[in-house]
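These notes are about the structure you will find just below.
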Amino acid sequence: MELSEQWFVLIAVVFIGFFFLEGFDFGVGVSTRFLAKNQNERTVMINTIGPFWDANEVWLLTGGGAIFAAFPHWYATMFSGYYLPLLAVLLFLIGRGVSFEFRRKVDNQRWTNIWDWVIFCGSLMPPFLLGVLFTSMLKGMPIQQDMNMAPAFSDFINIYSLWGGLTVTLLCYLHGLNFLTLKTEGEIRQRSAALAKRIVLAVLGSLIVFVVLSWFMTDIFKVRFIPELVLVALIVLSYGFSYYFISKKHEGLSFTMSGLGLAFTVSAIFVGLFPRVMISSINKAYDLTVYNASSGAYSLKIMTIVALTILPFVLVYTIWSYYIFRKRVTDKEHLTY
Amino acid sequence: MDPVLLARFQFAATTIFHFFFVPLSIGLVFLVALMETLYVVRNEEVYKKMAKFWGHLFLINFAVGVVTGIIQEFQFGMNWSDYSRFVGDVFGAPLAIEALLAFFMESTFIGLWIFGWDKLSKKVHLVCIWLVSLGTFLSGFWILMANSFMQVPVGFEMNNGRAEMNDFLALITNGQLFVEFPHVMTGALCTAAFFVAGISAYNLLKKQHVVFYKKSMKIALIIGLIGSIGAALSGHTQAQYLVKTQPMKMAAAEAIWKDTADPAPWSAYALIDTKNKENKFELNIPYALSFLSYSKFEGSLKGMETLQKEYTKKYDSIVGEGTNYIPPVKTTYWSFRLMIGFGVAMILLSMFGLYLSRKKRLEQNQWFLRFLLPAISFPFLANTFGWVMTEVGRQPWTVFGLMTTADSISPNVSAGMILFSIITYLLLFTILAAVMVYLMIREIKKGPGVHQSSDSKVSTDPFSKVGA
């Protein structure tokens with residue numbers, strides 16, 4: 001495998017990590033309005049992700065940085081082309097990030113409520129917008145010969161990409177509910193399990209529609225028929241098992257399954273793209289691929305060495321921090337956020 | 001409107017705003033780590049209180065610093081896509097490594113620190129805050145490596161119409177990095193030191209928590225002295241390096257139009273006329289610039305007009321004929337002087353403060369304490385002016401000698417889009433700054449030791465269902 005191909009895989013892995021991890025804290029953020037009945041419950045929920053959300057978000061920054069370093073043309077085309085959606089993602093992430101810190105710094109219900117709304121919107125919109133971004137990439141964007149694009153509104157907002165955004169949001173929401181079931185006690189735990197059981201069905205329905213849409217609107221099933229078919233089967237299986245495990249009250253396994261579902265979904269997107277990184281809707285010859293968008297061999301080699309040296313350490317201390325905060329969160333203890 | 005100008009304005013606005021928080025975070029987490037170390041070593045509760053109180057202020061600041069930093073990573077691609085295509089091969093690596101090495105470390109261990117007071121042993125908890133501090137230093141190192149490449153490009157070759165990395169070691173050992181990194185880090189120490197000193201002074205004036213704030217003040221003054229002297233020394237080496245690597249920036253920073261006499265005087269004040277390329281009035285200190293530039297009382301410096309001729313010969317073939325290589329002179333000249341001025345003021349203040357503290361006259365000296373409050377702004381101003389001088393002085397280049405700013409922007413992004421994002425950012429920054437200052441003042445008024453009760457258990461307010 002060529003170095004640039006390896007980096008494509010590595011970037012896919014980083015985005016899998018991002019959706020597996022930040023996916024659940026987005027989902028918890030969404031649950032603060034759809035599941036929580038009052039501010040106390042919201043506080044408990046937000047504290048379940050308190051020690052983790054910041055590091056989870058770093059997976060996105062690492063993904064962005066890795067694209068910049070390994071595929072400068074991909075980075076340049078994507079970030080300048082998706083100007084307004086990315087601006088929106090930024091604003092939501094900024095608002096969300098400070099809200100965790102701000103929400104209970106003043107002992108006032110209205111103050112907390114304002115920041116909690118920001119957390120909700122900041123957890124709902126980024127997965128939606130990132131879903132829109134990735135699915136519109138699969139469909140193809142009007143990339144010209146000079147590798148730049150100036151997309152019209154309908155290029156990134158259309159039935160297909162909106163459905164993609166909705167699906168990704170639902171996947172994160174379910175993942176968050178499973179996380180809450182795993183990390184809370186009593187009533188919240190029961191309610192989130194019950195809701196998760198219903199949301200799994202919505203997820204499956206949404207995914208089926210998405211697969212059908214992908215069949216007609218993209219070429220991923222033509223380009224990679226067998227791998228995509230296998231991945232679709234794995235995705236459906238993951239969510240089927242997630243449903244089963246929720247019913248059997250195997251909370252850890254059900255969370256793992258919704259995580260795997262996200263991982264396979266991200267994989268399906270990256271497999272569908274490969275070897276392209278950005279598909280041109282104007283002309284196949286204008287596609288950005290892992291070959292024409294990548295950095296030079298030397299740079300990629302250095303980056304490979306660095307990444308493979310550091311990543312194990314990151315994984316070790318990340319796992320350690322989840323181990324330290326493995327206990328369920330209740331309102332009977334001191335809650336920081 | 002001109003998209004280049006708008007993109008530049010956006011970069012300046014977002015970076016300057018971001019860089020209000022960054023040095024305070026870097027410095028403050030270091031101070032908090034010191035305080036917690038004193039707590040673990042001496043086992044005195046007051047140091048735990050200190051770590052918690054200043055840690056609280058640090059966290060509010062850190063939150064804003066982190067989120068405004070995300071803008072920076074996106075911005076290169078959004079507004080400067082041609083730049084990104086041109087240098088991504090070299091420039092992307094330090095950014096990716098920064099995320100991988102520093103951001104993960106900072107974010108994971110800050111989570112452990114905030115939520116781990118009761119879950120970790122004292123020593124492990126202390127290690128966590130030191131790892132956060134290490135993370136902030138590493139973050140600074142890698143991002144400044146990227147910036148150093150823009151000032152003094154090394155470790156690359158031109159290939160496929162872009163700069164491609166061919167020597168990673170050269171990037172890490174870039175001479176510019178080793179004058180720039182210590183300067184920024186010592187500046188960060190000053191920022192936190194004067195922040196802590198100013199707030200401590202305010203409370204000492206009010207005679208609140210005197211022991212607590214006296215101890216805080218002492219740590220702050222020591223770090224302030226180390227930081228400000230370190231900043232002066234590293235700044236001096238940086239200036240000498242500048243004379244060698246970017247003489248045009250130095251000439252602009254000194255408003256030297258024609259080659260100087262030998263020995264060269266240092267300009268303390270100049271009435272600059274950029275149109276006629278001369279200074280209407282000058283106040284000079286003889287010998288000083290030669291000494292500052294070469295550590296001896298001889299040697300002249302090239303003026304901007306000479307350099308313009310040299311650069312025209314050297315670079316016109318790359319960037320097009322008739323390019324003006326002279327940066328905005330007044331901005332460069334005055335930001336350089338303001339930075340130095342605030343820097344010197346910080347050295348004097350910390351020296352005088354330590355002298356008073358030694359003579360046990362610190363609390364009695366009302367005017368000094370009063371002066372420390374507005375002095376909180378000094379390091380922020382020095383940091384900002386320093387960066388303005390560095391970045392404006394590098395113009396017209398983004399990467400010195402390789403790519404101009406005008407060639408760096410995204411060709412597919414309209415002026416309207418950039419303007420729209422500028423307005424959104426400015427609105428957002430106003431809100432963030434207002435909330436942050438409000439919260440900081442609240443925390444400071446609450447004082448040390450109170451915050452523990454305020455964020456204990458969830459309120460059981462009967463009206464809490466209203467928000468459901």
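All chains are named by letter (A, B, ...) in the order of the sequence lines, taking the proteins before the strands, and each is independently numbered beginning at 1. Only this structure's heavy atoms are used, side chains among them; waters, hydrogens and symmetry mates stay out. The shown structure was predicted, so the numbers you read here are calculated from the model rather than taken from an experiment.
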Legend entry - chain B interface, residue from A:Val106, A:Leu311, A:Leu93, A:Ile67 that has the most non-hydrogen pairs under 4.5 Å: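 Most pairs with chain B among the choices: A:Val106.
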Does some side-chain heavy atom of [Y] sit less than 4.5 Å from a side-chain heavy atom of [X]?
X: B:Leu101; Y: A:Phe313; answer: no
X: A:Met303; Y: B:Ile97; answer: yes
X: B:Phe103; Y: A:Thr62; answer: no
X: B:Phe420; Y: A:Leu87; answer: yes
X: B:Val435; Y: A:Val98; answer: no

Inset, instruction - Could you tell me which residues in residues 119-126 of chain B have at least one non-hydrogen atom under 4.5 Å from a non-hydrogen atom of chain A, sorted by residue number? - result: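 The list, in residue order, reads B:Lys119, B:Leu120, B:Val124.
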For the interface with chain A, which of [options] has the highest count of heavy-atom pairs at distances below 4.5 Å?
options: B:Leu95, B:Ile114, B:Thr424, B:Val413; answer: B:Val413
options: B:Val66, B:Ile60, B:Val90; answer: B:Ile60
options: B:Thr68, B:Leu428, B:Asn166, B:Ile71; answer: B:Asn166
options: B:Glu164, B:Arg162, B:Met105; answer: B:Arg162
options: B:Cys128, B:Pro411, B:Gly69; answer: B:Pro411

Rounded to the nearest 0.5 Å, what's the gap from [atom1] on [X] to [atom2] on [Y]? Could you check?
X: A:Lys105; Y: B:Met436; atom1: NZ; atom2: CE; result: 12.5 Å
X: B:Met78; Y: A:Leu84; atom1: CE; atom2: CG; result: 7.5 Å
X: B:Phe109; Y: A:Trp320; atom1: CZ; atom2: CH2; result: 6.0 Å
X: B:Asn160; Y: A:Ser295; atom1: CG; atom2: OG; result: 10.5 Å
X: B:Asp82; Y: A:Asn148; atom1: CG; atom2: CG; result: 6.5 Å
X: B:Leu169; Y: A:Ile302; atom1: CG; atom2: CD1; result: 9.0 Å

Measuring heavy-atom distances to chain B, does [X] have an atom under 4.5 Å in its side chain, in its backbone, in both, or in neither?
X: A:Leu91; result: side chain
X: A:Leu90; result: side chain
X: A:Ile310; result: side chain
X: A:Met147; result: both
X: A:Glu57; result: side chain
X: A:Val14; result: neither

Legend entry - Pair B:Phe115 and A:Tyr337, ring centroids less than 6.0 Å apart: yes
Inset, instruction - State which residues pass salt bridge (charged side-chain N to carboxylate O under 4.0 Å, His left out) with A:Asp54; sequence neighbours excluded, sorted by chain then number. - result: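 By the salt bridge (charged side-chain N to carboxylate O under 4.0 Å, His left out) rule, A:Asp54 matches no residue at all.
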Legend entry - side-chain hydrogen bond (donor to acceptor under 3.5 Å, both in side chains) pairs, two or more places apart, involving residues 87-100 of chain B: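 Pairs touching residues 87-100 of chain B that pass the test: A:Ser299-B:Asp89, B:Glu98-B:Ser139.
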Inset, instruction - Sequence neighbours left out, what pairs pass side-chain hydrogen bond (donor to acceptor under 3.5 Å, both in side chains) with at least one residue falling in residues 69-88 of chain A? - result: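 The answer is A:His73-B:Arg85, A:Thr77-B:Arg85, A:Ser80-B:Asn412, A:Tyr82-A:Ser136, A:Tyr83-B:Asn79, A:Tyr83-B:Ser421.
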Nearest heavy-atom pair of [X] and [Y]: which atoms, and what distance?
X: A:Ala307; Y: B:Leu100; answer: CA-CD2, 3.6 Å
X: B:Leu112; Y: A:Phe325; answer: CD2-CE1, 3.5 Å
X: A:Ala69; Y: B:Ala96; answer: CB-CB, 4.1 Å

Inset, instruction - Look at the aromatic rings of B:Phe104 and A:Trp59 and report parallel, tilted or perpendicular, splitting at 30° and 60°. - result: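 Perpendicular: the ring planes of B:Phe104 and A:Trp59 meet at over 60°.
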Inset, instruction - Check the angle between the aromatic planes of A:Phe68 and B:Phe91 and answer parallel, tilted or perpendicular using the 30° and 60° thresholds. - result: tilted
Inset, instruction - Please indicate whether A:Arg326 has more than 12 foreign heavy atoms, meaning atoms of other residues, nucleotides or ligands, lying under 6.0 Å from its CZ. - result: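 Atom CZ in A:Arg326 is crowded, with more than 12 foreign heavy atoms closer than 6.0 Å.
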